[in-house]
K.L.:
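This is the structure I have questions about; it appears just below.
Letters A, B, ... are given to chains in the order of the sequence lines, protein chains preceding strands, and every chain is numbered from 1. Note that the structure is predicted; figures quoted are calculated from it, not measured.
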Amino acid sequence: MKKERRKFKLSPLGIYAVLAYSFLYLPLAVVIVFSFSPTKSIVGFSGFTTRWYIKLFNDEALIAALIHSLQVSLTAVSIAVVVGTSGAFFLVRANFPGKQLFRSLSQLPLILPGIILGIALLILFMNLGFELSMFSILMGHVCFTTPVIMFQVASRLQRLPRSFEYAAKDLGATPVKTFWYVTLPMIRTAIIGGALLAFTMSFDEIIITYFLTGTWTTLPVFIYGMMRFGLSPQVFAISTVVLTFAMVLIVLMAKFTAVREEL
Amino acid sequence: MKDKESKWQVELVGVTKIYKDTIAVNNSNIKIKAGEFFSLLGPSGCGKTTTLRIIAGLEEPDEGKVFLEGRDVTNVPAHRRNVNTVFQDYAIFPHMSVYDNVYFPLKMRKISKKEADPRIKRVLKLVNLEGFEKRYSSQVSGGQRQRVASARALVNEPRVLLLDEPLGALDFKLRVSMQKVLKDIQRNLNITFIYVTHDQTEAITMSDRIAVMSQGLIHQIGTPDEIYNNPATAFVASFIGEMNFLEGLVASIPSSDTVEVSVSNKNILCKNSDQKISLNDGVLVSIRPEKVHVNPLQSLKNVIEAELSRIVFKGNNFEVTAKFDKCEVRSLVDYKVWDKSQKAGNRVKIGWNPEDVQVFPISMKKDMIQYE
């Protein structure tokens, strides 16, 4: 059997799409390409080198910032998973006056401009007498990652018929076992998807972190600091690393949060 | 303390459930014998599913008590009651295989997979699902899902199986064959079935006894025969089977077992049921179409003149509508008996036996099912 070949034709809509995507992705491509360029300027490209990457991995301060970032993001997301998931149950299952208002307010840390949340948290920590440290950054990250997971899990819970839980109870499962064997496996993909999204957001967050950072800093803030000495190919290199990492996470997340017909 | 012996497997005493501003179940009293096939029948929203959920323990009654084998279980949660439910949407756990779904209730009782295996195999054989163990619910058909739900509910060997419209999602042919499967299972295992349905044919063909419900109220509990031939209220009469209803006034009460009702100046003789009916009361007269004879050959106590208005061929019989004044009476006539030369407009005699005609107070008209 012959496979039918579709001829690629450039329609006006196609041209528009190419332009739009070029606008979005060309700068990223430039960053990737010039991270392998031996010259320090982005004008002109000759040869291929990995020396910026080698330099990168020998930069102890940068590696420390990367580890800090991982620490903050992983811890923040772990806390957000627990708080966000239980919050989602409360939002979907509990009935109380002002539920709609509560639902909107719970998304506020996500919608609010980072600068406002950053200043607000800074004022709070200053007044409480906390030193700016990993803890202050962590709290800031928990603030905006929790709503992400809560929203993902809540929308899954909303679509999940209660009859599965009724059936489990009817078949002899205690409330704890019902949650563990029936409810949790059915919302698992939403939790994982939400956590991956929250992690990507936390990993490259800069504004809130900038306000809450003392001497202890994360990778995005560190990169921002590097920029003060000009756009070095080393910045391109680290950006490429972060970009690749984020892409992997986003692909994974899309896989987990895709709406699947599960019934 | 030992619970007192009870001859009732399931007993509801004065059970009432109120949601916000509607009474879902209104002072229900039901007694069900062990091994009985008992149906809760009624239109949607009549409270039959709520009643079932109260028996399952998934819903707590606002008033009244629930007894299982004489034991008061009103406050016992669902997972500690020896009853299992087949849900309307089956609720097959999508993340478990057919086998693991059936193992689930045994796992909850801390029975090892090794020990459970013969029981799971036996129950899967019972519902004819051998070879489907490794499939997931998305990989089996509607009828098979129904059987997975049944197997899962039966594997614990419950004393009572609750079924909430278990065949509602299936097409007609499959429904009929599954009715037989369920009835066989019930008979072979000799367990009590409490079966919720809105399908009167299903209830009549399968049940030992039926409770007919409407708007939270139980109108009648009885055998299918009693429900069909002696409906207690106009609602039951209108909900079960086909029925002619005529409005009239009580003209005379000639004897303790008959009432004469005047309908459009024609006198209709009716059976005097135990309802308190007195002279000049407004009443509803009800006659089943198959009890109405057109141009009867045998002598009937009650014959009136009418005009044929419509003749509809229905396969094995004819539905013949006869009119007198503004009243219409439908009759079902067997194909072999019907005189095919009859045409609409012909004058005919229609008749019936007074034992086949029931009267209800006119006040019951508001509860009736209206098919317009």
K.L.:
Just verifying a value: how many Å separate A:Lys177 NZ and B:Phe104 CZ, rounded to the nearest 0.5 Å?
P.N.:
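The NZ atom of A:Lys177 sits 8.5 Å away from the CZ atom of B:Phe104.
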K.L.:
For the residue pair A:Ser163 and B:Ala91, what are the closest heavy atoms and their distance?
P.N.:
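For A:Ser163 versus B:Ala91, the nearest heavy atoms are O-CB, 3.6 Å.
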K.L.:
Got more than 12 heavy atoms from elsewhere within 6.0 Å of NZ, A:Lys99?
P.N.:
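Result for NZ/A:Lys99: enclosed.
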K.L.:
Would you mind telling me which of B:Pro158, B:Ala153, B:Pro105 has the largest number of heavy-atom pairs within less than 4.5 Å of chain A?
P.N.:
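Greatest number of close heavy-atom pairs with chain A: B:Pro105.
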K.L.:
Just so I know, are the side chains of A:Lys169 and B:Pro77 near enough to count as touching, which here means a heavy-atom distance under 4.5 Å?
P.N.:
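No, too far: nothing below the 4.5 Å cut-off.
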K.L.:
Can a donor-acceptor pair be found, under 3.5 Å and without considering hydrogens, that links the side chain of B:His79 to the backbone of A:Ala168?
P.N.:
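Checked: no pair found.
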K.L.:
Can you tell me how far the NE2 atom of B:His95 sits from the OG1 atom of A:Thr189, to the nearest 0.5 Å?
P.N.:
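Rounded to the nearest 0.5 Å, the NE2-OG1 separation comes out at 11.5 Å.
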K.L.:
Assess whether side-chain contact (heavy atoms from CB on, under 4.5 Å) is satisfied between A:Leu171 and B:Met108, documenting all intermediate values.
P.N.:
CA-CA 8 Å; A:Leu171 295 165; B:Met108 291 304 112; 5.7 Å; no
K.L.:
For the CZ atom on A:Phe23, are there more than 12 heavy atoms of other groups (residues, nucleotides or ligands in this structure) within a distance under 6.0 Å?
P.N.:
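No - once you tally the heavy atoms of other residues, nucleotides and ligands closer than 6.0 Å, there are 12 at most.
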K.L.:
Please say whether more than 12 non-hydrogen atoms of neighbouring residues, nucleotides or ligands are located less than 6.0 Å from CZ in B:Arg159.
P.N.:
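No, not enclosed.
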K.L.:
Is B:Asn84 in contact with chain A via its backbone, its side chain, both, or neither, using a 4.5 Å heavy-atom distance?
P.N.:
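Contact with chain A: backbone and side chain both.
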K.L.:
Should the heavy atoms of other residues, nucleotides or ligands under 6.0 Å from OH of B:Tyr99 be counted, would the total exceed 12?
P.N.:
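Yes - once you tally the heavy atoms of other residues, nucleotides and ligands closer than 6.0 Å, there are more than 12.
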K.L.:
Counting heavy atoms not belonging to A:Leu13, are there more than 12 under 6.0 Å from its CG?
P.N.:
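Check fails, neighbour count at 12 or below.
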K.L.:
For B:Arg53, which atoms come within 4.5 Å of any heavy atom of chain A: side chain, backbone, both, or neither?
P.N.:
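For B:Arg53, the contact with chain A is made by the side chain alone.
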K.L.:
Run the side-chain contact (heavy atoms from CB on, under 4.5 Å) check on A:Tyr166 and B:Thr85 step by step: do they pass?
P.N.:
CA-CA 9 Å; A:Tyr166 291 138; B:Thr85 310; over 6 Å; no
K.L.:
Pick whichever of B:Met96, B:Lys107, B:Gln88 has the most heavy-atom pairs under 4.5 Å with chain A.
P.N.:
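That would be B:Lys107.
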